[in-house]
Amino acid sequence: LLLALTLASFAQQEGEEQTRMPEGWVSGKKSGWDGDYPPGWEKKTDEEKKKVLEVWNAAKARYIRATLQMKGNPTGAVTGIDLMLKAVNGGLAISAAKDLAIFGQQQKLKEPDFKLMLKGATASYGTDVPPHEVVAIVKELVTVGLKGGTLEQRIRQDIAKKDRAIKDEAAKKEK
C-alpha cells in the first residue's frame, strides 16, 4: 500500500522532480544494457537532453498509472521502471520501452522474463526497424509463450531478420 501511494504521488508531481535526470544520465561511459546513459547522450545539446528527459518522464508516469490499475504483478513497479531505464540505456526507444513494460505487466511476466523481453528488444538499436514494429515482434513472441533465454534469442533473431528485410527492400527500390 505504501508503494502504491508513493507511486501515485510521484505520478502527480511536477516541477524539478519531473525534469530530474535519472542516475547516470549526467555523465559516464555507454556500454550497452548496463550503460549509464542512452546512446549518443554525450553528443546531445542541453535542449535535446531536456526533450529526451520530458519524454522519459512522461513514459515513466504513463507506466506508473498503468501499473497502479493492475493487480498481482509478479514484477514490481519500481523494478519495471529500472528495467525500462536499462532498456533505454541499451538503445531501445523510450516509447517502445514503455509499451513493452506495460505489456509485460499485463501478461504478468515474472521479473526474469520481463528483463529478458526488454533486453532482447535492445537489439533494435542501430537497425532500421521502427519502434512500433519492435513492439509488435516482441508482443507476438511473448504471446505465443516463449520465455527465458529462448525469448531473448528469438527477439534478437526476429529483429535482425526484419532489419535485413527492410534493408533489402530499400536496396530494391534504389535499383
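Values below: every heavy atom of this structure, side chains too, minus hydrogens, waters and symmetry copies.
A distance-only check finds a donor-acceptor pair linking the side chain of Arg156 to the backbone of Lys119 [under 3.5 Å]. A donor-acceptor pair under 3.5 Å is formed between the side chain of Thr75 and the backbone N or O of Leu109. Judged by distance alone, the side chain of Glu133 and the main-chain N or O of Pro130 form no donor-acceptor pair under 3.5 Å. A distance-only check finds no donor-acceptor pair linking the side chain of Asp128 to the backbone of Asp163 [under 3.5 Å].
One distance of note links CD of Glu48 with CH2 of Trp41; it measures 9.5 Å at 0.5 Å rounding. In this structure, Thr67 OG1 and Gln106 CD are separated by 11.0 Å, a value rounded to the nearest 0.5 Å. From Ile102, atom CD1 reaches atom CD1 of Ile64 across 10.5 Å, with rounding to the nearest 0.5 Å. The structure places NZ of Lys44 at 9.5 Å from CD of Glu42, a figure rounded to the nearest 0.5 Å. Here the straight-line distance linking atom OH of Tyr37 with atom CG of Leu85 works out to 13.5 Å at 0.5 Å rounding. To the nearest 0.5 Å, the span separating OG1 on Thr143 from NZ on Lys139 amounts to 8.0 Å.
Side-chain contact between Val52 and Ile94 is present, with at least one heavy-atom pair separated by less than 4.5 Å. The shortest distance between side-chain heavy atoms of Gln107 and Phe114 does not fall below 4.5 Å. Counting heavy atoms from C-beta outward, Lys51 and Glu54 have side chains that approach closer than 4.5 Å.
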**Request:** Kindly indicate, with the supporting measurements, whether the criterion side-chain contact (heavy atoms from CB on, under 4.5 Å) is fulfilled by Lys167 and Arg164.
**Result:** CA-CA 5 Å; Lys167 288 178 177 167; Arg164 279 191 303 276; 5.8 Å; no
**Message:** Please evaluate residues Lys50 and Asp46 with respect to the criterion salt bridge (charged side-chain N to carboxylate O under 4.0 Å, His left out), reporting the C-alpha separation (whole Å), side-chain torsions for both, the decisive distance (0.1 Å), and the verdict.
**Reply:** CA-CA 6 Å; Lys50 184 178 178 183; Asp46 287 344; over 6 Å; no
**Trace of the side-chain contact (heavy atoms from CB on, under 4.5 Å) decision for Asp82 with Lys86** = CA-CA 6 Å; Asp82 182 49; Lys86 285 180 176 255; 3.8 Å; yes
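Residues Ser124 and Val134 come closest through the heavy atom pair CB-CG2, 3.4 Å. Considering all non-hydrogen atoms of both residues, Lys98 and Met84 come closest at CA-CE, 3.9 Å. The shortest heavy-atom contact between Ala121 and Val138 is CB-CG2, 4.1 Å. Nearest heavy atoms, Pro39 versus Gly91: CG-CA, 3.7 Å. Between Leu151 and Asp113, the shortest heavy-atom distance links the atoms CD2-O, 4.1 Å. Heavy-atom minimum distance, Thr122 versus Ala87: CG2-O, 3.5 Å.
Hydrophobic cluster membership differs between Phe103 and Leu116, with clusters built from Ile, Leu, Val, Met, Phe, Trp and Tyr side chains linked at under 4.5 angstrom. Tyr125 and Met117 fall into different hydrophobic clusters, defined by Ile, Leu, Val, Met, Phe, Trp and Tyr side-chain heavy atoms under 4.5 Å apart, directly or through other members.
By the neighbour-count criterion of 12 heavy atoms within 6.0 Å, atom NZ of Lys161 is sparsely surrounded, having that number or fewer from other residues, nucleotides or ligands.
The only option from Glu111, Lys110, Lys108 that meets the side chain to side chain contact (heavy atoms under 4.5 Å, CB included) definition with Asn73 turns out to be Lys108.
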